[in-house]
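Notes to accompany the following structure.
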Amino acid sequence: MTTPVGPVAQRPLYAKLARRLAIAVGVLFVCVVPAAVLYAITREAASTWATVAGIIGVAAVISGGREVAIFTSIITGIITPVAIVAGSVPIAGAAVMALMCLTVGYLARFGLHRATLLVPVFMAWLVIAPPFWGPQHLVVRTDGTYLAWISLIFLVGSLVPALVMVVVLRKVHLPEPLPHPRRATVPYTVTITVLTTAATFWVLQHPEQIAGAWVVATILVLAQVGDVGTVRRTIQRVIGTLIGMLIVAVIVVEVNSLLVLYVIGLLLGIAALTAKFSPRYWIYMALITPTAVCLGAASSSQVRMLGDQRLIDTLAGAGLVLIAAGLTIGYAHVAKRLGIAPTDTSEANA
């Protein structure tokens, strides 16, 4: 009896998990370094947002390649002050979110929506609840110095990991972006634009809802292009996100230290990246949800208020998630009956 070798041999589960864990730790380390350097320079807790921005750069490299990643990082730095200033006026903040969602929807035609989706996801936090700055823990949306530093944090935080990942993955064959037909991108664009614009406007009209950006981010994360073969994944996204929101509620209530929240966010991020390629997609969603919240909360001193809002945020997020999923799945069923639903084959040949 011989033991298979080479590509026929299958790695044991522990070896796969160890490899994924090592990759996850490496990716998070690359994202943490810019934040650490910026914090050493500014001594501002808002510097931790560079770690969040790093996720934008890494995702852009993996989903779009070098040029798209660099372009996305530069755009992130440029749009940061626009998002912060626009958030001072509800209609302007909603309009900025609409423009970003329309852009993501258009890029879905070329399969680049996943490379750029995290820009509006994290910009939602800057529109609604930007990080504090200075010893007074103030947010002055029109202060030039403040805007310049936050822009630099997002530019450096996303660009450095993007450049590092380009070098690391230079010999790795990444899949080409998959274009989508117009009949799939139009409902996707309408869904994310209408829901996020309405949610942003409502949240900005109620400034006490400082955690309302998560409602907007949830819509963007759950919405999908097309639907053939994706209904199951949509359900997993909903279940995982709701579980993640419950985890957030528990964490925020029990933890008051920003440093501890940041560390928890990093640990959850490592676990999420390790579970990314698991067949149980809901596990990844359940872990990445509190990761984003914890890393973002590390720049805010209103952790207790976040805890007080946990119930309304969970209910609002769950409701809009179900609306987004219902629109996507409902359109798919109607399109399928009419014989115009996109298929994997048609998308691949589009």
Look at atom CZ of Arg141 and say whether more than 12 heavy atoms of other residues, nucleotides or ligands are closer to it than 6.0 Å. yes

Any side-chain heavy atom of Tyr146 within less than 4.5 Å of one from Ile84? yes

So Ile55 and Leu118, side-chain contact (heavy atoms from CB on, under 4.5 Å) or not? Walk me through it. CA-CA 8 Å; Ile55 301 175; Leu118 290 182; 3.7 Å; yes

Apply side-chain contact (heavy atoms from CB on, under 4.5 Å) to the pair Ile150 and Trp133, showing each step before the final yes or no. CA-CA 9 Å; Ile150 302 300; Trp133 193 268; 4.0 Å; yes

In the single-linkage hydrophobic clustering (I, L, V, M, F, W, Y; side-chain heavy atoms under 4.5 Å), do Leu163 and Ile74 co-cluster? yes

Rounded to the nearest 0.5 Å, how far apart are CG of Leu287 and CD1 of Ile270? 11.5 Å

Closest non-hydrogen atoms of Pro34 and Gly157, given as atom of the first, atom of the second and distance, are CB-CA, 4.2 Å

Which heavy atom of Val61 sits nearest a heavy atom of Ala69, and at what distance? CG2-CB, 3.3 Å

So, for Cys101 and Thr196, which heavy atoms are closest and what is the spacing to 0.1 Å? SG-OG1, 3.1 Å

Between Leu195 and Thr191, is there a side-chain heavy-atom distance shorter than 4.5 Å? yes

For Gly57 and Ser73, the nearest pair of non-hydrogen atoms, with its separation, is CA-OG, 4.3 Å

So if you build clusters from Ile, Leu, Val, Met, Phe, Trp, Tyr with side-chain heavy-atom gaps below 4.5 Å, do Ile62 and Leu220 land together? yes

Spacing of CD1 belonging to Ile128 relative to CE belonging to Met123, to within rounding of 0.5 Å: 12.5 Å

Closest heavy-atom pair and its distance - Ala199, Ile219: CB-CD1, 4.3 Å

Check against side-chain contact (heavy atoms from CB on, under 4.5 Å), Leu126 and Phe154: CA-CA 11 Å; Leu126 297 186; Phe154 269 83; 3.7 Å; yes

Give every residue pair that meets the side-chain hydrogen bond (donor to acceptor under 3.5 Å, both in side chains) criterion with at least one member in residues 51-60, sequence neighbours excluded. Thr51-Tyr262

Check the orientation of His180 and His113. Use parallel for under 30°, tilted for 30 to 60°, and perpendicular for over 60°. perpendicular

Working to the nearest 0.5 Å, report the span between CD1 of Ile79 and CE of Met100. 4.5 Å

Check: Gly269 main-chain N/O paired with Thr291 side-chain donor or acceptor under 3.5 Å: yes

Hey, quick one: are Phe132 and Leu147 part of the same hydrophobic cluster, counting side-chain heavy atoms closer than 4.5 Å, chains of contacts allowed? yes

Output the distance between atom OG1 (Thr80) and atom CG (Leu155), rounded to the nearest 0.5 Å. 8.5 Å

One should read off an interatomic distance between Ile41 CD1 and Ser47 OG, to the nearest 0.5 angstrom, of 8.5 Å

Using the rule that two of Ile, Leu, Val, Met, Phe, Trp, Tyr join whenever any of their side-chain heavy atoms come within less than 4.5 Å, decide whether Val166 and Ile75 are in one cluster. no

Please assess Thr142 against Val140 for the test side-chain contact (heavy atoms from CB on, under 4.5 Å), listing each intermediate value before the final yes or no. CA-CA 6 Å; Thr142 56; Val140 183; 4.1 Å; yes

Could you give the distance from CZ (Phe122) to CG (Leu117), rounded to the nearest 0.5 Å? 9.5 Å

Tell me the closest heavy-atom pair linking Val58 and Cys31, and the distance in Å. CG2-SG, 4.0 Å

For Thr116, which residues count as a side chain to side chain contact (heavy atoms under 4.5 Å, CB included) partner, sequence neighbours excluded? Thr72, Val104, Leu107

Scan side-chain atoms only and decide if Thr76 and Ser158 contain a donor-acceptor pair under the 3.5 Å cut-off. no

Report the residues that fulfil ring pair (Phe, Tyr, Trp, His ring centres under 6.0 Å) with Tyr39, sequence neighbours left out, ordered by chain and then residue number. none

Are Val32 and Leu266 packed together at the side-chain level, in the sense that at least one heavy-atom pair is separated by less than 4.5 angstrom? yes

Side-chain heavy atoms nearer than 4.5 Å, only ILVMFWY residues, links allowed to pass through others: does that put Phe110 and Leu178 together? no

